[in-house]
A.B. asks: 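Sharing a structure, written as structure tokens. Questions coming.
Lettering of chains follows the sequences in order, A, B, ..., and the numbering in each one begins at 1. What you are looking at is a predicted structure, and each value in this text was computed from that prediction instead of being measured.
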Number of protein chains: 2
Amino acid sequence: MDGLNTSAKTIKYTNQRMEILKFLREFNGHPTVDDVYEGVKCKLSRISKATVYNNLRFLAEKELIKEVNTKGVSRFEANLVTHHHIICLECGDIKDYESEELTEYSLNVASKIDGFKIESTDTNFYGYCNKCRRKQNG
Amino acid sequence: MDGLNTSAKTIKYTNQRMEILKFLREFNGHPTVDDVYEGVKCKLSRISKATVYNNLRFLAEKELIKEVNTKGVSRFEANLVTHHHIICLECGDIKDYESEELTEYSLNVASKIDGFKIESTDTNFYGYCNKCRRKQNG
DNA sequence: ACCTTAAATAATAATAATTATTAATTAGAT
DNA sequence: ATCTAATTAATAATTATTATTATTTAAGGT
């Protein structure tokens with residue numbers, strides 16, 4: 001597995017680090033720190049939660065994963081291709097939504113913004129997933 | 001000042017509640033809970049921080065203000081017109097950006113999403129503000 | 001294969017953010 | 001003016017995150 005050759009400085013390929021990255025790459029969603037902690041425990045039963053925090057920060061710093069803006073707790077994802085998010089206002093569930101057209105449109109808008117050097121953009125869609133809609137209607 | 005007639009249930013127009021709402025409506029930005037707490041203190045010196053939390057939650061619930069998705073701490077805004085955010089990756093500063101075209105474009109994209117009933121949408125632009133760019137370049 | 005060393009880890013303490021509890025107060029209805 | 005449910009202040013409890021430190025380990029040089 002590669003993916004850590006990001007700078008001249010020595011980066012250690014520890015088991016913990018690699019398992020966390022692997023978990024994120026395989027996880028279909030936007031896990032919280034606790035999700036990651038629980039997820040890698042089966043492989044590394046003695047891992048410390050601080051190690052999970054450290055590595056998530058580290059991997060995000062190296063741009064191997066991304067932190068997602070959410071209310072409340074931190075969430076992470078390994079999908080580095082620009083994409084958008086659909087967020088359920090009821091249960092908080094987050095789904096990825098890819099749309100190159102929208103990305104391009106937004107980047108074009110971004111190019112007209114001054115006072116800021118825009119590097120990236122993403123769009124959130126807020127609504128209610130089928131499950132929660134069913135619940136609401138009774 | 002009006003703005004609290006949102007449901008049949010009794011809503012009390014307390015000083016604390018009204019000052020918090022006023023502060024948010026006059027504040028030009030995206031204050032944190034602490035910002036709000038400090039901001040209303042000059043008017044209500046004995047206010048409790050729990051009251052600030054309660055009212056921000058309450059006002060967001062009644063859709064008189066909105067919580068902004070951000071990394072780390074909670075932020076709020078009273079600008080209810082759909083708009084977008086420009087976020088500095090260095091200092092975390094958030095600026096509003098209005099673009100009806102982008103909103104319409106996104107809502108049109110949203111109408112094609114299935115499995116979700118989309119109610120609203122907003123776009124984030126990530127980059128570096130002039131101040132931070134100047135710092136980086138030295 | 002063995003040393004060396006900076007980096008990473010585990011365990012835990014410390015801090016910060018948020019929520020819950022409860023007795024006292026108060027806005028609005030009667 | 002009285003009543004009552006909602007709200008508040010104060011504070012305790014909980015949760016999320018960061019800092020500390022002694023120990024362990026990956027990677028590079030010999």
Side-chain angles (χ1 to χ4, degrees), chain A residues 1-24 30-62 64-76 92, chain B residues 1-23 30-62 64-65 67-76 92:
Chain A
M1 184 184 323
D2 80 326
L4 289 176
N5 304 323
T6 52
S7 86
K9 245 198 165 185
T10 310
I11 292 171
K12 288 195 182 176
Y13 290 64
T14 65
N15 260 343
Q16 292 87 336
R17 182 161 292 166
M18 298 317 281
E19 284 298 334
I20 288 167
L21 184 56
K22 189 152 87 78
F23 177 81
L24 270 158
H30 308 79
T32 64
V33 175
D34 273 342
D35 292 335
V36 177
Y37 179 57
E38 294 302 327
V40 298
K41 250 189 188 167
C42 55
K43 287 290 191 68
L44 303 157
S45 61
R46 301 190 52 68
I47 195 169
S48 159
K49 195 178 276 187
T51 299
V52 177
Y53 271 99
N54 283 340
N55 277 301
L56 290 171
R57 234 190 314 173
F58 176 91
L59 294 167
E61 176 70 25
K62 300 294 176 197
L64 294 162
I65 64 172
K66 267 171 58 182
E67 186 170 353
V68 185
N69 280 339
T70 43
K71 271 167 219 163
V73 291
S74 300
R75 292 176 178 276
F76 297 85
Chain B
M1 184 184 325
D2 80 327
L4 288 177
N5 303 323
T6 52
S7 86
K9 245 201 166 183
T10 310
I11 292 173
K12 288 192 183 179
Y13 290 65
T14 64
N15 262 343
Q16 292 88 333
R17 182 160 293 168
M18 297 319 279
E19 284 298 334
I20 288 168
L21 183 56
K22 189 152 86 77
F23 176 81
H30 309 79
T32 63
V33 175
D34 273 341
D35 293 335
V36 177
Y37 178 59
E38 294 301 327
V40 298
K41 251 189 186 166
C42 54
K43 288 291 191 65
L44 303 157
S45 61
R46 302 191 50 69
I47 194 168
S48 159
K49 194 177 279 187
T51 300
V52 177
Y53 271 99
N54 282 342
N55 276 300
L56 289 172
R57 233 191 315 173
F58 177 90
L59 293 167
E61 176 71 25
K62 300 295 178 199
L64 294 161
I65 64 173
E67 186 170 354
V68 185
N69 280 341
T70 45
K71 271 166 220 169
V73 293
S74 299
R75 293 176 177 276
F76 296 86

A.B. asks: What parts of residues 42-56 of chain B reach DNA chain D, counting only heavy atoms under 4.0 Å away?
C.D. replies: B/Arg46, B/Ile47, B/Ser48, B/Ala50, B/Thr51, B/Asn55
A.B. asks: For B/Glu67, which residues count as a salt bridge (charged side-chain N to carboxylate O under 4.0 Å, His left out) partner, sequence neighbours excluded?
C.D. replies: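 B/Glu67: no salt bridge (charged side-chain N to carboxylate O under 4.0 Å, His left out) contacts found.
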A.B. asks: Considering residues at least two apart in sequence or located in another chain, which fulfil the salt bridge (charged side-chain N to carboxylate O under 4.0 Å, His left out) criterion with B/Lys41?
C.D. replies: B/Glu38
A.B. asks: If we count only N and O atoms by modelled type, under 3.5 Å, do the side chains of B/Thr32 and B/Asp35 hold a donor and an acceptor together?
C.D. replies: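 Indeed, the side chains of B/Thr32 and B/Asp35 share at least one donor-acceptor pair under 3.5 Å.
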A.B. asks: Report the residues that fulfil salt bridge (charged side-chain N to carboxylate O under 4.0 Å, His left out) with B/Lys49, sequence neighbours left out, ordered by chain and then residue number.
C.D. replies: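 Residues passing salt bridge (charged side-chain N to carboxylate O under 4.0 Å, His left out) with B/Lys49: B/Asp34.
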A.B. asks: For B/Gln16 and D/dA9, is the shortest distance between a side-chain N/O and OP1 or OP2 below 4.0 Å?
C.D. replies: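 Affirmative; the distance criterion is met.
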A.B. asks: I'd like to check the salt bridge (charged side-chain N to carboxylate O under 4.0 Å, His left out) partners of B/Glu61; sequence neighbours left out, ordered by chain and number.
C.D. replies: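 Result, salt bridge (charged side-chain N to carboxylate O under 4.0 Å, His left out) vs B/Glu61: none returned.
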A.B. asks: Check if the side chain of A/Lys12 and the base of D/dA27 share a donor-acceptor pair of N or O atoms closer than 3.5 Å.
C.D. replies: no
A.B. asks: How many angstroms lie between CG in A/Leu64 and CG in A/Asn55, if you round to the nearest 0.5 Å?
C.D. replies: 11.0 Å
A.B. asks: Would you work out how much the helix from C/dA1-D/dT30 to C/dT30-D/dA1 bends between its ends, with each end axis defined by five base pairs, to 10 degrees?
C.D. replies: 40°
A.B. asks: Could you grab the distance from atom OH of A/Tyr53 to atom OG of A/Ser74, nearest 0.5 Å is fine?
C.D. replies: 7.0 Å
A.B. asks: Assuming nearest nucleotide by heavy-atom distance, tell me which of A/Gly72 and A/Thr14 is located more 5' along DNA chain D.
C.D. replies: A/Gly72
